[in-house]
Amino acid sequence: LHDILSPTIWWEAFRFYFGSFLTPEERLDGFLARNHFSKQFLDIIYWAMATFEFDKYRNEADEYALGAARALLITQVFFQYLLCDAFDGSLPAKVDSGLKDDLASRIMRLPNMTTKRKASLVERFRELTSDAPLASYFTADYGAVVHKLAKGAGRVRTNAQVTRVLKKNGRNIVETLDGDVIEADHVVFTTHPSIVARVLYTEHYPQHLTAIDGIESGTVGVQIIHSNDLSFPYPPQLDSTSFDMDSPIAILGIFDISQLTTMTNHGEHNISPREAGWLSVAYPVYKETSLNRHKQLLEQIPYADTSVYPWTRATPSFIDSRRDIVKLQGTDGIYMTGQALTGVNKASELQVTNALNLCHDHFGVTPPWETFVACPMLPDLNDVDAFYKAKSRVEAAFLAIKSLIGSFLLASAVSILGKDFFN
């Protein structure tokens, strides 16, 4: 907190933002080798990356693209410090209400849709977010949403595990684990690139496989546990003068999911809807077991659910792969969204936005869904913004000042004036 309030750190943050807008695709370690920053500022950068991403070792963070590091720094200073710490996971009521009004107005500006339809979407959005702030991680029962989407969109099958996609007589053939064969003009992948690579038949889709080959992946484990079962205090105390890379908060990604509205009973606990104290605890999983520092913290803790996922890493090679994927959209009837396009902010809300954009841009339609879910993460930093390269040093300076105001200076103003002032 002391470092965030320091004008010296603000100057270093401006320099970092300025450089990241000039060379967003440069590796972080290369940029830091050419430019001197204080240990205090470097600690803040690595704190931001370790608490948002799941590459918990510094050498892994060094491999990230500079633009991705900047996006994570802004997001964490704003989101983690300002929202989670200063405002206890929420925003002042007037700010939250204003953001909801802004999003509702964006829905009303959606193209190729009747006014009646847009009004219906706004009404549904208001209903979903009426009793939860936009800063919440969960504002809807996603399981129920999926079933409502399927019900309103014609012939939809859920839980059909796809094993292979290949070409035959100019058509895409989708094969499932149950032995079903489905012919399709278009196939849209919304899953992780490493899974796409296993499903696409190599000889029939060489361009797509070449495009996703450069995407580097890690593995993330997630457990749903109750805060009462943790072996360390949570939320963490804010009286520490420096960020400890060996602390539980550095090793684990911990998210409050008290707004979770689905019932889960796969493990040793049952989760009741909207029961306080439930956490989603995420951690990197390595093949080299000695690197898995999470085990000592979670070994004896009972959990309600556990899963393992592939995880995209926002390295410079990801940026090139992302460009190639965008250029190939529609080639041979294949489209990709999901983590093929989001290596920085992988929030489910952004994934939904990307999927809607894909439908609109490539098929000219907005899906006829009965339910609309839209909840922006704050601030709105997606991959296009993270890898944007300024056209001049003047533009880079302007963007750096804008980023500084929205992160360090805003956090400092809240700290000095107090959250009651903003409320």
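Every heavy atom of this structure was used, including side-chain atoms; hydrogens, water molecules and symmetry mates were not. This one's a predicted model, so the numbers in the text were calculated from it and none came from an experiment.
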Under 3.5 Å, is there a donor-acceptor pair between the side chain of [X] and the main chain of [Y]?
X      : Y      : value
Tyr57  : Leu291 : yes
Lys167 : Asp332 : yes
Glu395 : Lys391 : yes
Gln329 : Met336 : yes
Asp305 : Ile224 : no
Ser317 : Ile215 : no

Check whether any side-chain heavy atom of [X] sits under 4.5 Å from a side-chain heavy atom of [Y], and report yes or no.
X      : Y      : result
Thr176 : Thr163 : no
Trp311 : Thr219 : no
Arg15  : Phe41  : no
Leu42  : Trp47  : no
Phe16  : Ile44  : no
Tyr17  : Ile74  : yes
Tyr201 : Val165 : no
Leu230 : Leu279 : yes

For the student: nearest non-hydrogen atoms of [X] and [Y], plus distance:
X      : Y      : result
Ala69  : Leu28  : CB-CD1, 4.1 Å
Leu66  : Gly19  : CD2-O, 3.8 Å
Ala211 : Ile325 : CB-CG1, 4.0 Å
Pro24  : Phe387 : CG-O, 3.7 Å
Ser217 : His192 : OG-CE1, 2.9 Å
Ser231 : Leu297 : OG-O, 3.7 Å

Subject >> side-chain hydrogen bond (donor to acceptor under 3.5 Å, both in side chains) partners of Arg164, counting only residues at least two apart >> reply: Glu175

What distance separates [X] [atom1] from [Y] [atom2], expressed to the nearest 0.5 Å?
X      : Y      : atom1 : atom2 : answer
Ser321 : Ile319 : OG    : CD1   : 10.0 Å
Met49  : Arg58  : CE    : CZ    : 10.5 Å
Thr191 : Arg198 : OG1   : CZ    : 8.5 Å
Ile9   : Ser38  : CD1   : OG    : 4.0 Å
Gln223 : Ser280 : CD    : OG    : 10.0 Å
Asn172 : Ile182 : CG    : CD1   : 12.0 Å

Subject >> Heavy atoms of other groups near Arg393 CZ, more than 12 under 6.0 Å >> reply: no

**OP:** Give a yes or no on this: more than 12 heavy atoms of other residues, nucleotides or ligands lie within 6.0 Å of atom CZ of Phe398.
**Re:** no

Original post:
Passes side chain to side chain donor-acceptor pair (under 3.5 Å), Thr331 versus Gln207? Steps please.
Top reply: CA-CA 9 Å; Thr331 302; Gln207 289 178 284; 5.3 Å; no

Over 60° means perpendicular and under 30° means parallel, so tell me whether [X] and [Y] are parallel, tilted or perpendicular.
X      : Y      : value
Tyr335 : Phe363 : tilted
Phe31  : Phe37  : tilted
Tyr205 : His208 : perpendicular

Original post:
Taking it one step at a time, do Leu72 and Ile45 satisfy side-chain contact (heavy atoms from CB on, under 4.5 Å)?
Top reply: CA-CA 8 Å; Leu72 297 175; Ile45 293 176; over 6 Å; no

Subject >> Residues which pass salt bridge (Lys or Arg N to Asp or Glu O under 4.0 Å) with Asp101, listed by chain and number, not counting sequence neighbours >> reply: Arg126

**OP:** Could you verify whether a donor N or O on one side chain and an acceptor N or O on the other, from Tyr309 and Gln339, lie under 3.5 Å apart?
**Re:** no

Original post:
Can a salt bridge be assigned to the pair Glu63 and Arg313 using a cut-off of 4.0 Å between side-chain N and carboxylate O?
Top reply: yes

**OP:** Would you verify whether the NZ or CZ of Arg70 falls within 45 degrees of the ring axis of Tyr64 while also being under 6.0 Å from that six-membered ring's centre?
**Re:** no

**OP:** Carefully, step by step, assess Ile225 and Leu298 under the rule side-chain contact (heavy atoms from CB on, under 4.5 Å).
**Re:** CA-CA 9 Å; Ile225 62 179; Leu298 301 178; 4.2 Å; yes

**OP:** Go through Arg27 and Asp62 one step at a time and tell me if the salt bridge (Lys or Arg N to Asp or Glu O under 4.0 Å) criterion holds.
**Re:** CA-CA 7 Å; Arg27 269 182 48 148; Asp62 283 336; over 6 Å; no

Original post:
Could you walk me through whether Ile212 and Leu209 pass the side-chain contact (heavy atoms from CB on, under 4.5 Å) check?
Top reply: CA-CA 5 Å; Ile212 62 180; Leu209 291 169; 4.2 Å; yes

Subject >> Trace of the side-chain contact (heavy atoms from CB on, under 4.5 Å) decision for Thr342 with Thr312 >> reply: CA-CA 8 Å; Thr342 53; Thr312 300; over 6 Å; no

